[in-house]
Every structure is written in C-alpha cells, then in structure tokens.
Amino acid sequence: MGDIRYDVAIVGAGPAGLSAAIVLAKAGVKVIVIERGRFPGSKNVMGGVFYTDCMKGVVDDFPGKAPVERHIVEQRMWLIDDESYVGFTHKNAKFDNQPYNCHTVFRAQFDKWLAQQATGAGALIINQTVVTEPIMEGDKVVGIRTDRPEGDIMADCVIAADGVNSFIAKSLGFRSNLKKNAVALGVKEIIGLDEKVINDRFNVSGSQGVTIEMTGSLFEGAEAMAFLYTNKKSVSLGVGMIIEDMIEHNINPNELMESLKAHPAISPLIEGGETKEYLAHMIPEGGYNEMPRLFGDGVMIAGDAAMMVNAVHREGSNLAITSGKLAAQTYLEAAEKGDFSADTLSVYADKLQESFVMKDLKKYKELPKLLQKNRHLLDKYPKLINDAAFELLKVDGISKQAKQRSIWKNMKQQIGFTRMLKDLYKIWRTVG
C-alpha cells in the first residue's frame with residue numbers, strides 16, 4: 001500500500017466511520033477507511049432496529065434501495081418472569097406513513113450497502129487490514145500504521161470509529177481498559193419463518209413489523225435486556241447481559257438463549273422456525289459516565305468507540321451515524337482554517353452536546369449505577385407485578401378488595417413500604 005497521504009483516515013467501516021466517509025467524500029475530501037473485516041459488516045452485530053432520521057445529510061433519499069427488512073408499526077415492552085409477562089404496547093398508524101420511523105436491518109447487508117455509498121461518493125475502503133498504532137508527532141496524531149508492508153497512512157486528521165474495543169482510544173490514553181460492568185455481551189439468533197406466518201402471528205401485513213423488548217426476573221436479577229424483532233422472512237431473537245453479571249451469576253449465554261426460546265410467551269412466536277444464524281457481539285453499556293475523551297490533536301472518536309449507546313431506547317447505530325456526520329462536519333470547518341489542533345476539533349464535542357446524542361445520554365447517565373446498586377428493581381418488582389396482575393384478573397370467588405389487600409401485603413413483605421417510596425424517588429430522579 002505504501003506510505004501515502006490522505007486528508008482523513010478513518011479506522012473502522014461501521015455506521016460511524018462510513019457516515020463520516022460519505023459526508024467527507026461528497027465534500028471532495030480525500031478520505032480512506034481501514035476495515036479489519038473481510039468486508040464492511042462482516043463482523044458487526046446489532047439487535048436489528050435502525051432509526052432513519054440520522055440519515056439526513058448522509059444519504060438523503062434513504063431508504064431508497066437500501067437493504068431494509070420491515071418498517072416498525074408496533075412496539076411492545078414486557079416485564080417478564082419465568083412463566084408470564086406484563087406489557088405495554090403501542091401501535092400507531094402514523095408509523096405506517098413515509099418516511100418510516102425505523103426499520104429492521106441485517107448489519108452485514110446494511111453496512112455493505114452503506115460502504116457502497118461511501119465508495120460511490122469517492123472514498124477508498126481497504127478491507128482485511130489491521131491498524132497497529134497511531135502515528136504521532138509529539139502529542140499530535142498524524143496518521144495510522146497498518147499491518148500491511150509499508151502500510152503507513154499519513155493524514156491531517158484521524159477519525160477512530162473502531163468499535164467498543166477501540167484500539168485507537170486506548171492507545172492514546174483517552175480511556176482505560178473496559179470495565180466489566182460497562183460492557184455487555186449480546187447474543188442473537190436469526191430464526192427463519194414463512195412471511196405469512198410472521199404476518200399472522202404478529203398481526204401485520206406487507207412490510208409492517210413489530211418489536212418486543214423484555215427485561216425482568218427471568219434473568220435472575222442480572223442487568224439484561226432481551227428482544228424479538230420481525231424481519232421479512234425471519235425474526236431476530238436475542239439478549240444482552242452485562243459481563244460482570246454473567247460472571248457473578250455464572251450464566252452461559254447459550255443457556256440464556258434457550259431459556260428465552262422456551263418461555264411460554266416466546267415459544268409460540270418462533271414455533272416451527274429454523275435457526276439460520278447465531279451471532280455474538282460486545283455492546284458498550286456504560287453510557288455517558290464511561291465515555292472517553294472525544295478529541296485530541298488530529299483525532300476524533302466516534303460511535304461505539306466513544307460508548308455512544310442509549311440502551312434504554314435501543315439506540316446505537318443512529319447515534320454512531322450522527323457522531324460520524326458531526327465529526328466530518330468538524331473536519332470540514334477545521335480544514336477551512338488549516339488547523340487540526342485539539343482546540344479546533346473540540347467543536348466536535350460541542351456539536352455532540354447540542355445534538356440529541358449527548359442530551360439523551362446525559363438524561364440516562366445514572367441509570368447503570370441505579371440498576372447495579374438496586375438489583376431488586378430487575379428481579380423482585382417484575383415478579384410482584386406479574387403476580388399481582390394474575391391475582392387481579394383471576395376470578396375465583398374472592399373479592400377484588402380482598403385481593404388488593406393481599407397484593408399490597410405481599411409487596412410490603414417483599415419490598416417494604418419505605419423502600420418502595422425510595423425506589424420510586426430514585427427512578428424518578430434518574431430517568432424523569
């Protein structure tokens with residue numbers, strides 16, 4: 001590849017890196033993207049829901065010919081225990097209006113398509129190449145070194161979009177090693193089903209789709225979130241759990257998936273399906289408080305590498321694309337000045353602060369700590385709520401007033417009145 005120069009070198013061909021590459025290439029910037037996978041998307045995994053608004057200014061006619069599966073018209077949220085669930089459902093005809101709010105996607109297909117948009121705009125993508133270190137002049141990043149012979153790439157600016165285990169962010173000292181309570185392991189199965197079966201089971205038609213998010217005592221008090229998303233001819237079923245909890249509870253992710261698949265609320269939805277694919281991936285869950293430094297002399301950090309995941313609203317890829325877009329815009333402004341110092345690139349952090357990305361991450365910044373210190377919120381409450389719903393809906397000759405007294409007595413015994421008030425206050429303070 002030789003010792004060559006580009007205006008911008010991007011590490012990682014995921015949504016953050018590719019969105020930055022598209023914006024830069026469209027502006028006439030000489031940009032190169034280095035990807036260690038066989039092709040963009042070959043090693044990338046997400047639950048599968050992609051919000052479309054972030055594509056404004058990147059690919060304006062999205063979805064166009066993009067490889068999307070179904071557009072989501074109904075979203076369900078379940079508090080789940082061993083044999084039941086209590087849920088909330090929102091289905092809205094407005095979600096059936098174009099432009100659609102969100103789609104289910106497969107990352108291997110979606111990232112490959114997004115890479116085609118980048119190369120079509122003029123970016124160069126080099127696959128199966130590992131970045132071994134940033135090239136430094138004092139404290140300034142001036143390029144990247146790769147594992148190819150004579151593979152140094154010099155650049156005015158480097159955008160690190162190299163995922164949750166960001167080598168660039170770590171080697172620059174922007175962050176320490178990942179904490180076990182700030183990262184989750186997500187496992188996912190693609191289960192093939194006939195399109196008509198999916199439509200009948202989920203009460204949808206055409207390209208309409210449904211999402212189900214689940215948490216609760218099924219996961220033994222561990223900090224976990226499961227999901228089921230509909231695709232055209234398959235469903236994506238998966239669960240993500242904080243690694244510290246997996247170790248503490250000695251939980252095998254494969255056993256966790258089997259328990260989920262056998263649950264009486266899930267098994268009828270996947271009955272007769274065939275597992276087509278099994279995937280696993282690390283997910284940054286630390287949120288705002290675990291974010292690394294976002295910029296330095298000649299460098300910016302974007303996407304998962306910057307811990308930009310909003311687990312509460314299952315948002316990650318849209319945050320990544322927005323951050324890549326803002327990093328590209330920051331470079332363009334810096335290029336006008338001919339100054340790529342940390343002072344100039346700090347505008348990137350300002351842009352993020354003004355966007356929904358940081359505002360939302362800030363809103364939920366104390367939630368990880370709340371859940372880690374109050375595991376009964378994920379264990380006892382879901383079970384109590386499910387038990388209470390069962391008792392109230394069961395007709396057995398006992399008066400509703402007597403049932404209410406029994407439910408209230410059980411809740412006070414299991415939790416305590418004072419503790420319940422404190423829990424409500426903590427939740428309100430954290431996410432209100």
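Being a predicted model, the structure only gives us computed values, none of them experimental.
Contact annotation: the side chain of Tyr6 never approaches that of Met154 to less than 4.5 Å [non-hydrogen atoms, C-beta and beyond]. The shortest distance between side-chain heavy atoms of Ser234 and Phe106 falls below 4.5 Å. In this structure, Met282 and Ile243 have side chains that are in contact, with non-hydrogen atoms separated by less than 4.5 Å. Here the side chains of Arg38 and Asn127 are not in contact, with every heavy-atom distance at 4.5 Å or above. Looking only at side-chain heavy atoms (C-beta outward), Cys102 and Val49 come within less than 4.5 Å of each other. Side-chain contact between Ile22 and Met55 is absent, with no heavy-atom pair separated by less than 4.5 Å. Between Leu193 and Val235 the shortest side-chain heavy-atom distance falls below 4.5 Å. Using a 4.5 Å cut-off on side-chain heavy atoms (C-beta onward), Met225 and Glu213 make contact.
Contact record, Ile10 with Ala21: CD1-N, 3.6 Å, taken as the closest heavy-atom pair. For Leu228 against Met214, the heavy-atom pair with the smallest separation is N-CE, 3.9 Å. Counting all heavy atoms, side chain and backbone alike, Leu294 lies closest to Met308 at CD2-CE, 4.2 Å. For Lys426 against Thr430, the heavy-atom pair with the smallest separation is O-OG1, 2.7 Å. Across all non-hydrogen atoms, the minimal contact from Tyr100 to Thr52 is O-OG1, 2.7 Å. Residues Ala320 and Pro15 share a closest heavy-atom pair of CB-CB, 4.2 Å.
The main-chain N or O of Leu218 is never found under 3.5 Å from a side-chain atom of Asp82 such that the two would form a donor-acceptor pair. Of the possible polar contacts, one joining the Gln208 side chain to the Ser205 backbone as a donor-acceptor pair under 3.5 Å is found. Within the 3.5 Å criterion, the main-chain N or O of Glu315 finds no donor-acceptor partner in the side chain of Asn318. Remark: the backbone N or O of Phe95 is not paired with any side-chain donor or acceptor of Asn101 at under 3.5 angstrom. Distance alone, capped at 3.5 Å, places no donor-acceptor pair between the His249 side chain and the Ile251 backbone. Proximity of a side-chain donor or acceptor of Asp162 to a complementary backbone N or O of Val11 within less than 3.5 Å is not detected. With Thr104 contributing its side chain and Arg70 its backbone, the two residues share a donor-acceptor pair below 3.5 Å. Here the side chain of Asn386 pairs a donor or acceptor atom with the backbone of Leu79 at under 3.5 angstrom. Between the Glu35 side chain and the Ala13 main chain, a donor and an acceptor come within less than 3.5 Å of each other. Side chain of Thr119 to backbone of Leu124: no donor-acceptor contact under 3.5 angstrom is found.
The side chain to side chain contact (heavy atoms under 4.5 Å, CB included) test applied to Ala66 returns Phe62, Pro63, Val68, Trp113, not counting sequence neighbours. The side chain to side chain contact (heavy atoms under 4.5 Å, CB included) test applied to Ser341 returns Asp297, Asp339, Asp343, Thr344, not counting sequence neighbours. With sequence neighbours excluded, the residues that form a side chain to side chain contact (heavy atoms under 4.5 Å, CB included) with Ala9 are Ile32, Ile144, Ile153, Ala155, Val158. Residues passing the salt bridge (Lys or Arg N to Asp or Glu O under 4.0 Å) test with Glu133, sequence neighbours excluded: Arg145. With sequence neighbours excluded, the residues satisfying side chain to side chain contact (heavy atoms under 4.5 Å, CB included) with Ser207 are His71.
Donor-acceptor pairing under 3.5 Å is lacking for the side chains of Arg76 and His90. Checked by atom type, the side-chain pair Lys359/Gln353 shows no donor-acceptor distance below 3.5 Å. A donor and an acceptor atom, one from each side chain of Arg314 and Thr211, are located under 3.5 Å apart.
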As a quick check of understanding, evaluate salt bridge (charged side-chain N to carboxylate O under 4.0 Å, His left out) for Lys276 and Glu274, giving each step before the final call.
CA-CA 6 Å; Lys276 300 291 187 181; Glu274 179 185 356; 3.5 Å; yes
Evaluate the criterion side-chain hydrogen bond (donor to acceptor under 3.5 Å, both in side chains) for residue pair Asp147 and Thr129; output intermediate values, then yes/no.
CA-CA 6 Å; Asp147 62 350; Thr129 302; 4.8 Å; no
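Under the 4.0 Å criterion applied to side-chain N and carboxylate O atoms, Lys56 and Asp60 are not assigned as salt-bridge partners. Here Lys179 pairs with Glu290 in a salt bridge; the nearest charged N to carboxylate O distance falls below 4.0 Å. Glu189 and Lys261 are joined by a salt bridge, as a carboxylate oxygen and a charged side-chain nitrogen come within less than 4.0 angstrom of each other. A salt bridge between Arg107 and Asp111 is present, with a side-chain N of the basic residue lying under 4.0 Å from a carboxylate O of the acidic one.
The CG atom of Leu345 lies 5.0 Å from the SG atom of Cys157; values are rounded to the nearest 0.5 Å. How far CG of Asn374 is from NZ of Lys380: 11.5 Å, rounded to the nearest 0.5 Å. Atoms CZ and CE, on Phe340 and Met300 in that order, are 9.0 Å from each other to the nearest 0.5 Å. Lys365 contributes atom NZ, which lies 6.0 Å from atom OH of Tyr288 (distance to the nearest 0.5 angstrom). For the atom pair CD (Gln128) and OG1 (Thr146), the distance works out to 13.0 Å, reported to the nearest 0.5 Å. Here Leu185 contributes atom CG and Ile242 contributes atom CD1; the two are 10.5 Å apart, rounded to the nearest 0.5 Å.
Counting non-hydrogen atoms of other residues, nucleotides and ligands closer than 6.0 Å to NZ of Lys112 gives a total of 12 or fewer. More than 12 heavy atoms of other residues, nucleotides or ligands shown are found within 6.0 angstrom of NZ on Lys351. Heavy atoms from other residues, nucleotides or ligands lying under 6.0 Å from CG of Asn250 number 12 at most.
Aromatic ring centroids of Tyr348 and Tyr331 lie 6.0 Å or more apart. Checked against the 6.0 Å centroid threshold, Phe110 and Phe50 count as a close aromatic pair. Remark: aromatic rings of His313 and Tyr364 are close, center separation under 6.0 Å.
A side-chain hydrogen bond (donor to acceptor under 3.5 Å, both in side chains) check over residues 319-328, counting only residues at least two apart or in different chains, returns nothing.
With Asp156 as reference, Arg5 is the one residue of Lys337, Arg5, Lys140, Lys30 to meet the salt bridge (Lys or Arg N to Asp or Glu O under 4.0 Å) rule.
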